[in-house]
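Throughout, protein chains are lettered first and strands after them, A, B, ... in sequence-line order, and every chain is numbered starting at 1. Computation of the quantities below employed the complete heavy-atom set of this structure, encompassing side-chain atoms and omitting hydrogens, waters and symmetry-equivalent molecules.
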Number of protein chains: 2
Amino acid sequence: MRLTTKGRYAVTAMLDLAIHYDQGPITLADISARQEISLSYLEQLFSKLRKNELVNSARGPGGGYRLNRPADDVAVAEIIAAVDETVDATRCKHKGNCQHAERCLTHDLWCDLSDQIFDFLANISLGSLVKKQAVQDVARRQDKALPINGAEIGLKEHSVA
Amino acid sequence: MRLTTKGRYAVTAMLDLAIHYDQGPITLADISARQEISLSYLEQLFSKLRKNELVNSARGPGGGYRLNRPADDVAVAEIIAAVDETVDATRCKHKGNCQHAERCLTHDLWCDLSDQIFDFLANISLGSLVKKQAVQDVARRQDKALPINGAEIGLKEHSVA
DNA sequence: AAAATACTTGACTAAAACACTTGGTTTTCT
DNA sequence: AGAAAACCAAGTGTTTTAGTCAAGTATTTT
């Protein structure tokens, strides 16, 4: 089983997108600054997220990324799967050929555990996370620390009128 | 989060011990043959298992390892912890200092997941695994493939009378 | 006492995975 | 035109994994 910063970063970035959904396309530079994830690493992750149709993108100035679906319809398990992390605790990928052609002594145990973990993450949506008070608190703290883009976006919106 | 062959091997070896409990001390050579785990790697693992008082050992010919407690009282979670694997999915080890001194956006999510995994593994004992039909089937297959030591132990027990 | 067997310890290592970095290209807005 | 952003492909240093190897210590049998 493997659940490392790659999967965590992907979920964090997607949550950042969900939280700032009303601000239009969000640039990776913004996410990088708020969540402290290397920009080029984010690019790699978002390439996969886009291929899995979890986000859509707009190029050029004013561009960025947006959720492709309502936050309530995006499960954490999907995000982790999209960046190629598996939540599988078996060595045989559920195939049951862990010892020669047969299953090893603990095959079923790891299968059960994997299923348990997957179910947990499949039943948590980005939307449900956004609604949590603790998440809102952290988001507010992060926005306070980096109010650069709120101002810029405000300017841009006024310039239309 | 990290759950690799180290933890899996440790649990598998302990389960082997539980299954062959009635045969007296089990040598690592036997476990190595049955479970196909390198002998010196097993030595490393059992060193830790012994320090955590999950097994006890007997030296000299006829020696080996035994469970230190009834199989029903040994949780899988303990075994994994004993070989230094953590089931913790957070980057901050539950401390909440994932972003500077504060918690990151997804801190609570990983905490909840970690707790879920831990609970699952803490509530599964070696004893409950031994009782499973699938485990018994695999064990019988393994014993059939390597009947060497059953014979030796039989001889030794007769020589006492 | 000697030999056989079993456990202990610590150093070492090849390969893989991780977490990026570098250096671009392309598209779009102003 | 120029800047801002997404997009893409390789490369890279570090850490972890999953062991191996070598030498030694302890115990029991004969």
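Residues satisfying the side chain to side chain donor-acceptor pair (under 3.5 Å) test with A:D72, not counting sequence neighbours, are A:K131. Residues passing the side chain to side chain donor-acceptor pair (under 3.5 Å) test with A:N52, sequence neighbours excluded: none. Residues satisfying the side chain to side chain donor-acceptor pair (under 3.5 Å) criterion with B:S114, sequence neighbours excluded, are B:D88. Residues meeting the side chain to side chain donor-acceptor pair (under 3.5 Å) test with A:E36, sequence neighbours left out: B:H100.
Using a 4.5 Å heavy-atom cutoff, the side chains of B:C111 and B:H94 are in contact.
Distance NZ (B:K48) to P (C:dG10): 12 Å, rounded to an integer number of Å. In this structure, A:F46 atom CZ and D:dA5 atom P are separated by 15 Å, rounded to whole Å. We find that CD1 of B:I26 is positioned 16 Å from C1' of C:dC7, with the value rounded to whole Å. The CD1-C1' distance, from A:I31 to D:dA6, rounds to 12 Å in whole Å. The nearest whole Å value for the distance from the CG atom in B:L45 to the P atom in C:dT9 is 14 Å. Protein atom CG of B:L17 is 11 Å distant from nucleotide atom P of C:dC7, rounded to whole Å. The interatomic distance linking B:N56 (CG) with C:dT8 (P) rounds to 11 Å, in whole Å.
At a threshold of 4.0 angstrom between heavy atoms, the contacts of A:A58 are confined to the sugar-phosphate backbone, with no base atom among them.
Residue pairs meeting the salt bridge (charged side-chain N to carboxylate O under 4.0 Å, His left out) criterion with at least one partner in residues 96-111 of chain B, sequence neighbours excluded, are A:R141-B:E102, B:R103-B:D108.
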Open item on the list: Strictly under 4.0 angstrom, non-hydrogen atoms only: write out the protein contact profile of nucleotides 8-23 of chain D, one letter per nucleotide from the 5' end, B, S or -.
Closed with: B-B------SBBBB--
